[in-house]
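Reckoned from all heavy atoms, side chains included, excluding hydrogens, waters and symmetry mates. Protein chains get the first letters and strands the later ones, always in sequence-line order, with residue 1 at the start of each.
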2 protein chains.
Amino acid sequence: MSMTIGFVAEKTCCSVATIRYYEEKGLLGRIGRAANGRRAYGWPDIGRLRLIRRLRDLGFGIDAVRTLIEAMHSPDSAACLDVRDLALSHIDVIRAKRAELDALEAILTDLAASCSDACRNGHSPDCTIIEAIRA
Amino acid sequence: MSMTIGFVAEKTCCSVATIRYYEEKGLLGRIGRAANGRRAYGWPDIGRLRLIRRLRDLGFGIDAVRTLIEAMHSPDSAACLDVRDLALSHIDVIRAKRAELDALEAILTDLAASCSDACRNGHSPDCTIIEAIRA
DNA sequence: CTACATCCTCAAGCAACTTGAGGAGCAAGC
DNA sequence: GCTTGCTCCTCAAGTTGCTTGAGGATGTAG
């Protein structure tokens, strides 16, 4: 009936060590043990791990994941809105990061291009890219 | 003539601790000491720190920054092209990250919207966002 | 019965810093 | 001259989200 950590790792695309880590961090609740002392998982644990993995991939931190899971299990109807708010504020974070990346890409593209021009004919070591960055 | 670490921190937008950290990591070369044992910086150090900060902001890791700075000081004309290549490959990293963020934003936006709809009228705790993520 | 895989726990390592403890120096106000 | 308070010093540990390794027990297959 119960599954080993290795099997669960395979099913959830989490490493064995990561699963133990999540347990230690309190994201999994209590995990039962078989008679031989090994962790024994059930299907709900796999679902929960997949959810955790999904949330992590979406960029939520461990604490945020815990909050979300707790809200999910809360009978409180306000919890759902808390979840939405967390998601919304997370979108802001993502947008800010993306804006940064856009700017960085533009800068690097320019720099690489001008560097390429300047360096082709042996100009060095006052590489344009360094000069431009230095400014 | 020489400047204190606090002054340099102010001029470079690096924290005092970060400047000491960069020194420890070998990004700054040898920093002189005043008679009282305190670090003594000159203007070239400030320029170098600004360059380091710029490169870090662009997403280069400490090791990459060291490589770039070394290439910059190298009399070798090939070094400039190495710098360009480092920049170019870094652009790829940035593009990949941005693509991820685009996808994440789209997902989260959808989720938050549908969650908002479902939760407005007290539906809970099977919040749509959770259900959608779980899938 | 002997490998070999898997599991266990604890501990340390990674990036790139930040934070804190504990102590000394220096400049200014009284 | 003395106290207050800021800056500086070093060394050590904490942060996040894991991964990697040591050292040892157990399970499975040939």
Under 4.0 Å protein heavy-atom contacts per nucleotide of nucleotides 16-30 of chain D, with B for base, S for backbone only and - for none: -BBSB-----BS---
Rounded to whole Å, how long is the line connecting atom CG of Leu27(B) with atom P of dA15(C)? 12 Å
Between dC8(C) atom P and Glu24(A) atom CD, what is the distance in whole Å?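 Glu24(A) atom CD is separated from dC8(C) atom P by 13 Å.
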Under-3.5 Å N/O pairs linking protein and nucleotides 10-13 of chain D:
unit_1, atom_1, unit_2, atom_2, d
dT10(D), OP1, Arg33(B), NH1, 3.2
dT10(D), OP1, Arg33(B), NH2, 3.0
dT10(D), OP2, Arg39(B), NH1, 2.8
dT10(D), OP2, Arg39(B), NH2, 2.8

Flag the pair Asp57(B) and Arg54(B) as a salt bridge only when some basic side-chain nitrogen lies within less than 4.0 angstrom of an acidic carboxylate oxygen. no
Is there a side-chain polar atom (N or O) of Thr4(A) under 4.0 Å from OP1 or OP2 of dC7(C)? yes
List in chain and number order the residues that pass side-chain contact (heavy atoms from CB on, under 4.5 Å) with Ser15(B), two or more places apart in sequence or in another chain; answer none if no residue qualifies.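 Partners of Ser15(B) by the side-chain contact (heavy atoms from CB on, under 4.5 Å) criterion, ordered by chain and then number, come out as Ala17(B), Thr18(B).
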Side chains of Arg56(A) and Tyr22(A) in contact at under 4.5 Å (non-hydrogen atoms): yes
Whether the side chain of Arg53(A) engages the backbone of Cys13(A) through a donor-acceptor N/O pair (distance < 3.5 Å, no angle test) should be reported.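 Side chain of Arg53(A) to backbone of Cys13(A), a donor-acceptor pair under 3.5 Å: yes, one is there.
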Whether Trp43(B) and Phe7(B) hold their rings parallel, tilted or perpendicular, with breakpoints at 30° and 60°: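 Ring orientation, 0 to 90° scale: perpendicular.
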Please give me the minimum heavy-atom distance between [X] and [Y], naming the atom from each residue.
| X | Y | value |
| --- | --- | --- |
| Val16(B) | Gly6(B) | CG2-CA, 4.1 Å |
| Arg20(A) | Ile5(A) | CG-CD1, 3.5 Å |
| Ile31(B) | Ala40(B) | CG2-O, 3.8 Å |

